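Residue numbers start from 1 in every chain, and the chains themselves are labelled A, B, ... in the order their sequence lines are given, proteins ahead of strands. Quantities reported herein were computed from a predicted structural model and do not represent experimental measurements.
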Protein chains: 2
Amino acid sequence: MTETTASDTMRGRGRPREFDMNEALDKALRVFSERGYHATSIGNLTDAMQLASGSVYKAFKDKRGVFLAAFDRYRTVRSGKLRAVIDTDKMGYERIRDALTLYADVSHGQTGKLGCLVVSCASELATFDPEVAKKVAAAMDSNEAVLRDLIGLGQNDGSVPAHVDGKATARLLLCLVQGMRVVGKTGRTREEMMAAVTVAMKTLT
Amino acid sequence: MTETTASDTMRGRGRPREFDMNEALDKALRVFSERGYHATSIGNLTDAMQLASGSVYKAFKDKRGVFLAAFDRYRTVRSGKLRAVIDTDKMGYERIRDALTLYADVSHGQTGKLGCLVVSCASELATFDPEVAKKVAAAMDSNEAVLRDLIGLGQNDGSVPAHVDGKATARLLLCLVQGMRVVGKTGRTREEMMAAVTVAMKTLT
DNA sequence: TAATATAGGGAAAGATCATTCCCTAAATCA
DNA sequence: TGATTTAGGGAATGATCTTTCCCTATATTA
């Protein structure tokens, strides 16, 4: 199920799957993101994924299984986008601004209204589902670590002062980006979000 | 229903209500906060509020009605706590730190795990319920305005430099506190949150 | 080509849940 | 005191949703 990159030469035994797993998960995570986990019915999922309910239960254990797979897919896609933005040859300071800009981009307008799967759904489940709680915590920690590394990079290349508290500042920026996702659900413009980002960059001086 | 402060001299016609409305709403909002709106059943509410389902439907139109009342109650309580912390004779800069400290207090440990009703439930409903969306946006705007006012106050008393962009900084701090609520659901210590607050105060220098 | 294995799909079953109904209880009003 | 009004409570209802079942379709393997 996780091995979706397998080439078509090593196919399984029976009838091959007709839909693309990643495409289906992209559609599913959109629905989960917009409606929340509990408000998403199997009907909503089958509509979006263009599958019959029986087919969904063939491909996944249950509704929670669809969510877990969609969550992993979401993390993969978003990590990729973040990596694409920060894996440059710019100075650490600028890379941090680029990272925060990415969050400003997804936290406004239509995309902002859609919200973040980690924020909306995961925190909806994390209280009573230890496995989801673990995944959410891992996602948070991962994001915090990326920010922490960028700050360290900036301190090495001289674009961020040595006196900056890397750990605490990374945590602050993590709260900022998660908060942008929440505030972005109530509708903000890109300019409003970017203004907040600009102010936040003062913590790196 | 909103007039819960009415004295017992001006009582209504029929049998008087046996439970305290605010106490019941405090219990209800705890459940909504912890489980989320859709995962909260009437059974969960009757258990917590110690009322029969029939009684709940006597006091409220429906489940959504309970939520709306609980949401208002939540806003009243939280606004009161915030007011109690910032309505002092301290300098603007210190009052802002006190406000952020309040959010650090509720965003860690047990209370942090409980989460924020505005963040968790409201954003869960805001997408498909315009009335809730309006309430959430109002709550955000209100918090942003409080922060904006405190910054202005600080600029008047000289504790915050005049060059600080009040609007943008207030928006940044709003994102920070909402983000603390999200991150706080995954478990952080008070010290970790306070370290982030300390860094955030650099934006006011 | 027959056997086996897996996918697609939709109807049916089984659970859960929000809401209503109806009866009883306790207050005010005439 | 009897009529009226509102609250408390729990069983019954009706709607909705998750999951299973079963049949068909399409692939590989022997």
For this session: Mind checking salt bridge (charged side-chain N to carboxylate O under 4.0 Å, His left out) for B/Arg171 and listing every partner two or more places apart, or none if nothing turns up?
Result: B/Glu144
All N/O donor-acceptor pairs, side-chain side in residues 42-53 of chain B, below 3.5 Å, sequence neighbours left out:
from, atom 1, to, atom 2, distance (Å)
B/Asn44, OD1, B/Arg35, NE, 3.2
B/Asn44, OD1, B/Ser41, N, 2.9
B/Asn44, OD1, B/Ser41, OG, 3.1
B/Thr46, OG1, B/Ile42, O, 3.2
B/Thr46, OG1, B/Gly43, O, 2.9

Report all interatomic pairs (protein N or O, nucleotide N or O of nucleotides 11-16 of chain C) with separations under 3.5 Å.
none

Dump every N/O contact between nucleotides 26-30 of chain D and the protein below 3.5 Å, one line per pair.
from, atom 1, to, atom 2, distance (Å)
D/dT28, O4', A/Arg13, O, 2.8

Exercise. What side-chain hydrogen bond (donor to acceptor under 3.5 Å, both in side chains) pairs are there with at least one residue in residues 89-98 of chain A, not counting sequence neighbours?
Worked result: A/Lys90-A/Asp98
Problem set entry | Set of residues satisfying side chain to side chain contact (heavy atoms under 4.5 Å, CB included) with respect to A/Ala126, sequence neighbours excluded | A/Ala133
Seminar exercise, completed: Sorted by chain and number, sequence neighbours left out, side-chain hydrogen bond (donor to acceptor under 3.5 Å, both in side chains) with A/Ser142 holds for A/Arg75
For this session: List in numerical order all residues of residues 35-42 of chain A for which some heavy atom is under 4.0 Å away from an atom belonging to DNA chain D.
Result: A/Thr40, A/Ser41, A/Ile42
Problem set entry | salt bridge (charged side-chain N to carboxylate O under 4.0 Å, His left out) against B/Asp165, all qualifying residues, sequence neighbours excluded | none
For this session: Any ring pair (Phe, Tyr, Trp, His ring centres under 6.0 Å) involving residues 20-46 of chain A? Give me the pairs, sequence neighbours left out, ordered by first then second residue.
Result: A/Phe32-A/Tyr37, A/Phe32-A/Phe67, A/Tyr37-A/Phe67
For this session: Return each pair, listed once, that meets side-chain hydrogen bond (donor to acceptor under 3.5 Å, both in side chains) where at least one residue sits in residues 192-204 of chain B; pairs must be two or more places apart or across chains.
Result: B/Thr189-B/Glu192
With a 3.5 Å cut-off and sequence neighbours excluded, list the donor-acceptor pairs that the side chains of residues 108-117 of chain B form with protein atoms.
from, atom 1, to, atom 2, distance (Å)
B/His108, ND1, B/Ala104, O, 3.1
B/His108, ND1, B/Asp105, O, 3.0

